[in-house]
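Heads up: the structure comes next, in structure tokens.
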Amino acid sequence: MSNIEKYPHKTLEKKWQEEWNRSNVFKSKKIGPKKKYILEMFPYPSGNIHMGHVRNYTIGDVIARFYRSNGFNVLHPMGWDSFGMPAENAAIINNLNPNDWTQKNISTMKKQLKRMGLAIDWDREVSTCSKEYYKHQQKLFIEFYKNGLVYKKDSLVNWDPVDKTVLANEQVVDGKGWRSGAEIESKVLSQWFLKISKFSKELLDDLDKLEGWPEKVKTMQRNWIGKSDGCEIEFKLEDKGFENIKVFTTRPETIYGAAFLGLSFDHPLSEVFSDDAVFQKFRNDAEKISQKKELLDKAKKTGFFTNLFALHPFLKEKVPIYFVNYVLSEYGTGAIFGCPAHDERDKEFALKFKIKYKSVLQDQSNESSLNSGQPQLINSGSLNGLSVSDARKKIIREFENNKSGIKKTLYRLKDWGVSRQRYWGCPIPIIYREDGEVITVPESELPVLLPDAPDFKASGNPLNQKEWKETKCTITGLSAIRETDTLDTFVDSSWYFLRFCDPKNDKQAFDISEVKYWLPVDHYIGGIEHAILHLLYSRFFMRALKHCGYNVGKEPFKNLLTQGMVNHETYKDSNNIWIEPDKVIKKNNSYFTADGKELKKGRSEKMSKSKKNTIDPESIIELYGADTARFFMMADSPPERDLEWSDEGIKATWKFLNKIYNHLKSIKHKFVIYDSIPEEKFKEEEFDASNQKPYQDIIDIVTNTTVDIKNYRFNTAVAKLRELANILFKVENKNKLLNNYGWSIFIRLIYPFVPHLSEELAFLGGLKGETISEMPWPEPSKNINFMGKAPVKCNLVIQVNGKKKFVISVDTNLNQDEFLKELDKQKPDFRITLKVVKKLVYIKNKIANFVV
RNA sequence: GCGCUCGUGCUGAAAUUGGUAAACAGACUGGACUUAAAAUCCAGCGGAACAUUGUUCCUUGUCGGUUCAAGUCCGACCGAGCGCACCA
């Protein structure tokens with residue numbers, strides 16, 4: 001057995017968790033102007049926490065504890081995104097009640113989170129599946145409805161055949177369900193929509209103001225909203241018996257190159273051909289490929305000629321009209337003008353149908369266009385000789401003058417379909433009366449509760465049953481049917497950060513003064529996978545609330561940190577079956593199972609059950625303690641990058657903490673609370689020049705660690721803390737006072753990362769009646785003038801022609817002449833060997849470059 | 001095709017405003033302690049050359065540019081990851 005004591009992480013962590021609980025030190029108070037709202041994306045209660053949670057919540061906790069120590073009122077709450085399909089699926093498979101299943105998971109995961117030692121105000125806990133929460137959500141839905149932000153319409157929807165529900169566009173990834181992975185089918189259903197498209201412009205423009213968001217997330221949202229500046233052009237038909245055809249284009253200046261019109265298969269004009277068998281064949285094929293991404297990618301351009309012609313708005317020419325299979329019905333007007341000379345798709349189509357076309361832009365390789373730097377318009381009437389941007393401006397004016405076109409901006413963002421044909425979600429508070437009226441449930445009758453004991457044996461939506469859906473309108477007494485769809489769970493998470501500000505309010509979703517005080521969330525931490533889903537919906541909700549008259553800000557999250565995944569090595573056997581890494585035996589770069597079968601080592605991938613490379617946080621906390629797990633999570637990689645899990649890494653982290661604990665115990669350190677410049681204290685003892693450097697280092701580390709944490713650079717903050725420990729191990733016996741001071745600073749700086757150990761070390765060092773959690777952060781300071789004595793020495797790099805030659809140690813703040821004198825003293829030969837010096841660049845305290 | 005992010009040792013990585021490249025770790029190697037192992041402690045750890053333990057040179061994907069000075073700024077190219085995409 002080892003001769004040093006293993007540090008008692010279990011008893012120690014339990015002790016401090018109980019102490020924090022007892023003193024209720026993390027309760028949020030609404031006093032004074034300085035606040036910080038720290039939030040991590042709340043978890044879905046799936047059963048147990050995983051390493052991704054550990055990383056997410058540790059990052060948030062470090063930030064929360066840091067700002068609390070820095071004198072801010074911190075709101076750091078936790079809740080549960082507790083509606084959703086896994087509960088229902090578990091219920092169907094194991095014949096459980098979804099609510100029981102969910103509550104059990106919440107209580108397990110709450111215990112696990114508490115063991116991590118998070119500084120959370122648990123009094124503010126919310127759970128989206130509780131009627132106290134969804135009651136307010138129903139009220140908000142009704143308000144949105146009354147303010148024109150909710151509507152119902154028949155629409156072609158994304159149908160997930162595995163989860164048996166509709167998905168929003170954002171939830172379909174590469175044609176597959178984001179959760180089930182099933183091929184998504186198209187289906188017409190009557191659906192509820194939230195009018196997110198009303199705010200397309202704002203949602204896009206305001207991204208520029210979100211300075212605290214990663215560029216990547218903003219780009220993803222920009223792409224998703226998809227703005228196109230262009231022009232809507234109206235073509236008259238040669239045969240007066242038909243309506244004009246509107247097309248949308250972002251390149252109106254190429255109008256003189258228009259060789260045909262292309263319509264989508266379901267364009268209104270298609271009705272004319274409903275009896276035409278050839279057209280029907282085309283239409284069926286086009287419809288099919290539009291529904292499956294794989295078909296779409298492979299499909300060749302094809303079409304159907306209508307034998308109709310449109311008139312070119314400027315040329316007296318006829319333009320043939322085709323139905324084509326590559327124009328989307330839901331974008332723009334579902335019609336385009338084809339310009340084969342300058343569009344690859346139109347070119348492919350024109351070649352196939354032998355449509356004649358001409359170029360309207362100078363060839364890029366042509367000499368005259370090279371001279372001017374940009375191509376000019378040709379064959380384009382009044383536009384000839386203009387650049388693309390000038391021609392565009394001019395042609396839009398001409399369209400608007402002869403009333404054949406209008407400038408227009410389109411957005412790709414569509415309204416948010418929120419109907420889900422599932423039981424375990426928030427009921428939509430709408431009833432359909434027998435007289436045909438659709439009305440909202442009166443406020444006094446809210447919440448519309450889910451039935452307690454649903455019957456999952458019958459197929460389809462359990463709400464779609466007589467006992468629950470049949471009701472009466474209390475105003476008219478007429479009988480009515482309840483809406484049986486429930487809301488998408490992304491609605492639940494679109495306002496939970498508002499509810500945390502005032503979680504117990506029974507009368508309203510939140511009190512505006514509470515929200516005004518706490519919002520926006522100052523630091524929001526979560527996975528990149530919500531870049532366009534949850535984060536866009538939440539931004540929409542704020543604007544929707546504002547539209548309904550709530551005096552809330554526009555942006556919910558001021559700073560966003562998207563943390564990377566936790567990865568772990570993977571192995572497969574010869575049958576491509578995943579093997580747990582801890583069952584792998586390594587021999588000279590080859591890998592085997594216990595019974596000798598050779599394995600292939602795969603890439604390090606995100607921990608997942610299917611790849612069998614997960615590590616259970618509970619067992620890690622059991623073995624090494626929460627502090628070790630937390631410290632390891634923050635130590636190696638920057639938070640936004642992926643983190644590689646390694647058994648050696650976690651072990652080495654534990655060794656470091658163990659070493660600190662045993663060392664401080666053995667030297668019987670005394671915890672002291674000097675502020676940043678404790679010079680008077682130090683005067684009491686002899687304090688010679690040998691202590692100057694370590695003292696300076698301690699001060700620098702306070703400053704730099706503080707800056708690092710503020711900027712999310714936790715890995716470098718940890719490196720500096722290790723550096724400080726290394727310095728203090730060396731300093732140890734030279735000066736007791738400096739040593740105590742250094743370790744006391746260390747204990748306070750390491751507090752956000754390993755709070756239990758920090759508290760315990762201060763306690764062992766004699767801190768009584770107060771805890772580190774209640775103590776202010778050591779104040780970073782600048783320009784330390786050491787004990788009023790001579791300024792400190794510094795290293796000066798001597799370069800010749802920009803290349804380092806050597807380093808000398810000199811007094812700080814020398815001017816150039818003083819420096820040269822000092823240089824000659826230390827290296828008498830150096831300047832002689834240089835011969836001719838053309839130039840000397842001298843930067844105080846940093847560098848001297850001799851150019852020869 | 002369009003956009004974003006990023007290329008640094010064996011590995012994770014570090015390097016305020018351009019100013020000592022590789023901090024802090026992991027793995028590895030050697031040594032001390034031990035009957036032995038573990039634990040712990042000490043030392044080494046980008047490459048090359050000359051030389052016998054110090055000196056010189058090279059090194060941040062490639063090529064070029066700006067500068068006294070470039071991992072950092074600019075341009076082109078190569079490569080990786082992610083997002084969007086028949087969006088007119």
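Order of the sequence lines sets the chain letters (A, B, ...), proteins ahead of strands, with each chain counted from 1.
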query = Considering all heavy atoms of both residues, which atom of A:P313 and which atom of A:F399 are nearest to each other, and what is their separation?
reply = CG-CE2, 4.0 Å
inquiry  = Whether the side chain of A:N223 and the base of B:C84 hold a donor-acceptor pair under 3.5 Å is what I'd like checked.
reply    = no
query = Going by a 90° cut-off around 0, is B:G9 syn or anti?
reply = syn
task = Report the nucleotide, chosen from B:A13, B:G3, B:G12, that has the shortest atom-to-atom distance to any side-chain atom of A:T219.
result = B:G3
key: Six-ring centre of A:Y326, A:K301 cation under 6.0 angstrom, axis tolerance 45°   = yes
inquiry  = Quick check on B:C68: is either OP1 or OP2 less than 4.0 Å from any side-chain nitrogen or oxygen of A:K839?
reply    = yes
ask   = So what's B:A23 paired with, Watson-Crick or G-U wobble, going by both distances under 3.5 Å?
value = none
task = Calculate the interatomic distance between A:I650 atom CD1 and B:G12 atom C1'; express it in whole Å.
result = 14 Å
query = Is there a side-chain polar atom (N or O) of A:S646 under 4.0 Å from OP1 or OP2 of B:A27?
reply = no
message = What is the distance, to the nearest angstrom, from the CG atom on A:L796 to the P atom on B:G19?
response = 15 Å
key: Under 4.0 angstrom between A:K655 side-chain N/O and B:U40 OP1 or OP2   = yes
Row check, A:Y357 ring normal vs A:K347 NZ/CZ: under 6.0 Å, within 45° = no
note = Looking only at B:A88, B:G19, B:C24, the nucleotide nearest the A:I843 side chain is B:G19
key: Lys/Arg cation over aromatic A:F850: A:R831, 6.0 Å, 45° cone   = no
task = Enter syn or anti for the glycosidic conformation of B:U52, syn applying to angles within 90° of 0.
result = syn
request  = For the side chain of A:F248, starting at C-beta, report the closest nucleotide among B:A88, B:U17, B:A14.
outcome  = B:A88
ask   = When you measure from the side chain of A:I289, which nucleotide among B:C86, B:U5, B:A14 comes out closest?
value = B:C86
request  = Name the orientation class of the two ring planes belonging to A:F753 and A:F714 (parallel below 30°, tilted from 30 to 60°, perpendicular beyond 60°).
outcome  = perpendicular
task = Nearest whole angstrom, please: distance from the C1' of B:C24 to the CZ of A:F746.
result = 13 Å
message = Between A:W654 and A:H9, does the ring-ring contact (aromatic ring centres under 6.0 Å, His included) criterion hold? Intermediate values first, please.
response = CA-CA 10 Å; A:W654 177 84; A:H9 63 81; 7.7 Å; no
key: Name of the residue among A:T562, A:L561, A:L535 meeting side chain to side chain contact (heavy atoms under 4.5 Å, CB included) with A:W213   = A:L535
query = Base, sugar-phosphate, or nothing for A:P638, non-hydrogen atoms under 4.0 angstrom?
reply = sugar-phosphate
inquiry  = Counting distance alone, no hydrogens or angles: does the base of B:U16 have a donor or acceptor under 3.5 Å from a partner atom on the side chain of A:K846?
reply    = no
ask   = Within less than 4.0 Å of OP1 or OP2 of B:C24, is there a side-chain N or O belonging to A:R713?
value = no
inquiry  = I want to check one thing: is the phosphate of B:A88, taken as OP1 and OP2, less than 4.0 Å away from some side-chain N or O of A:Y331?
reply    = yes
ask   = Is B:C6 paired to anything, Watson-Crick or G-U wobble with both distances less than 3.5 Å, and if yes, which nucleotide?
value = B:G79
ask   = If we call it a pair only when both distances are under 3.5 Å in a Watson-Crick or G-U wobble match, what pairs with B:U66?
value = none
note = Side-chain contact check for A:V841: nearest option of B:G19, B:C4, B:C87 is B:G19
query = Between the base of B:C24 and the side chain of A:K720, is there a donor-acceptor distance below 3.5 Å?
reply = no
query = Is any side-chain nitrogen or oxygen of A:N726 closer than 4.0 Å to OP1 or OP2 of B:A25?
reply = yes
query = Whole-Å distance between B:G83 P and A:M220 CE?
reply = 7 Å
Watson-Crick/G-U partner (both atom distances under 3.5 Å) of B:A88 = none
ask   = Checking side chain to side chain donor-acceptor pair (under 3.5 Å) against A:K720, which of A:D708, A:N704, A:T703 comes through?
value = A:D708
message = Quick check: on RNA chain B, is the nucleotide nearest A:T250 upstream (toward 5') of the one nearest A:A652, or the reverse? Name the residue that is more 5'.
response = A:A652
request  = Report, as yes or no, whether the 6.0 Å neighbourhood of atom NZ on A:K827 holds more than 12 heavy atoms from other residues, nucleotides or ligands.
outcome  = no
request  = Output the single nucleotide from B:C84, B:G26, B:A88 whose closest atom is nearest the side chain of A:V327.
outcome  = B:A88
inquiry  = What's the closest nucleotide to the side chain of A:R412 if the choices are B:A14, B:G12, B:A85?
reply    = B:A85
key: For B:G44, the Watson-Crick or wobble partner whose two distances fall under 3.5 Å   = B:C28
ask   = Counting any heavy atom closer than 4.0 Å, what does A:E644 reach on the DNA or RNA strands: base, sugar-phosphate only, or nothing?
value = nothing
Phosphate-side-chain proximity, A:K805 and B:C57, N/O vs OP1/OP2 below 4.0 Å = yes
ask   = B:C41 phosphate, OP1 or OP2: any side-chain N/O from A:K659 under 4.0 angstrom?
value = yes
ask   = Below 4.0 angstrom from OP1 or OP2 of B:A88, is there any side-chain N or O of A:R251?
value = no
task = Whole angstrom is fine here: how far is it from CH2 in A:W654 over to P in B:U40?
result = 8 Å
key: N/O donor-acceptor pair, side chain A:Q799 with base B:G19, under 3.5 angstrom   = yes
key: Gap between atoms CD and P, on A:E569 and B:G26 respectively (whole Å)   = 17 Å
ask   = What does B:G71 pair with, Watson-Crick or G-U, if both distances are under 3.5 Å?
value = none
ask   = Counting side-chain heavy atoms from CB outward, which of B:U5, B:C87, B:A88 is closest to A:E215?
value = B:U5
query = Does A:K803 put a side-chain nitrogen or oxygen below 4.0 Å from OP1 or OP2 of B:C58?
reply = yes
ask   = Do any side-chain nitrogens or oxygens of A:R641 fall under 4.0 Å of OP1 or OP2 in B:C6?
value = no
task = Let me know the distance between CZ of A:F850 and P of B:C68, rounded to the nearest Å.
result = 17 Å
ask   = CG of A:L533 versus P of B:G83: gap in Å, rounded?
value = 12 Å
message = With a 4.0 Å limit, can you tell me whether A:N801 has a side-chain N or O closer than that to the phosphate oxygens OP1/OP2 of B:A69?
response = no
remark   = The nucleotide from B:U17, B:A13, B:C84 with an atom nearest the side chain of A:N715 is B:A13
request  = Look at all strands and tell whether A:E330 reaches a base, only sugar-phosphate, or nothing, counting heavy atoms closer than 4.0 Å.
outcome  = nothing
task = Just compare B:G83, B:C68, B:A85 and give me whichever is closest to any side-chain atom of A:W224.
result = B:A85
request  = Describe the nucleic acid contact of A:V807 in one word from base, sugar-phosphate, nothing, applying a heavy-atom distance below 4.0 Å.
outcome  = base
request  = Find the partner of B:U52: check Watson-Crick (N1-N3 plus N6-O4 or O6-N4) and G-U wobble (N1-O2, O6-N3) distances, both under 3.5 Å, and reply none if neither fits.
outcome  = none
inquiry  = Need one value for A:K216: base, sugar-phosphate or nothing, where a base atom within 4.0 Å counts as base even if backbone is also close, heavy atoms only.
reply    = sugar-phosphate
inquiry  = Quick check on A:K201: does its NZ atom have over 12 non-hydrogen neighbours (other residues, nucleotides or ligands) under 6.0 Å away?
reply    = no
note = Under a 3.5 Å limit on both distances, the Watson-Crick or wobble mate of B:U35 is none
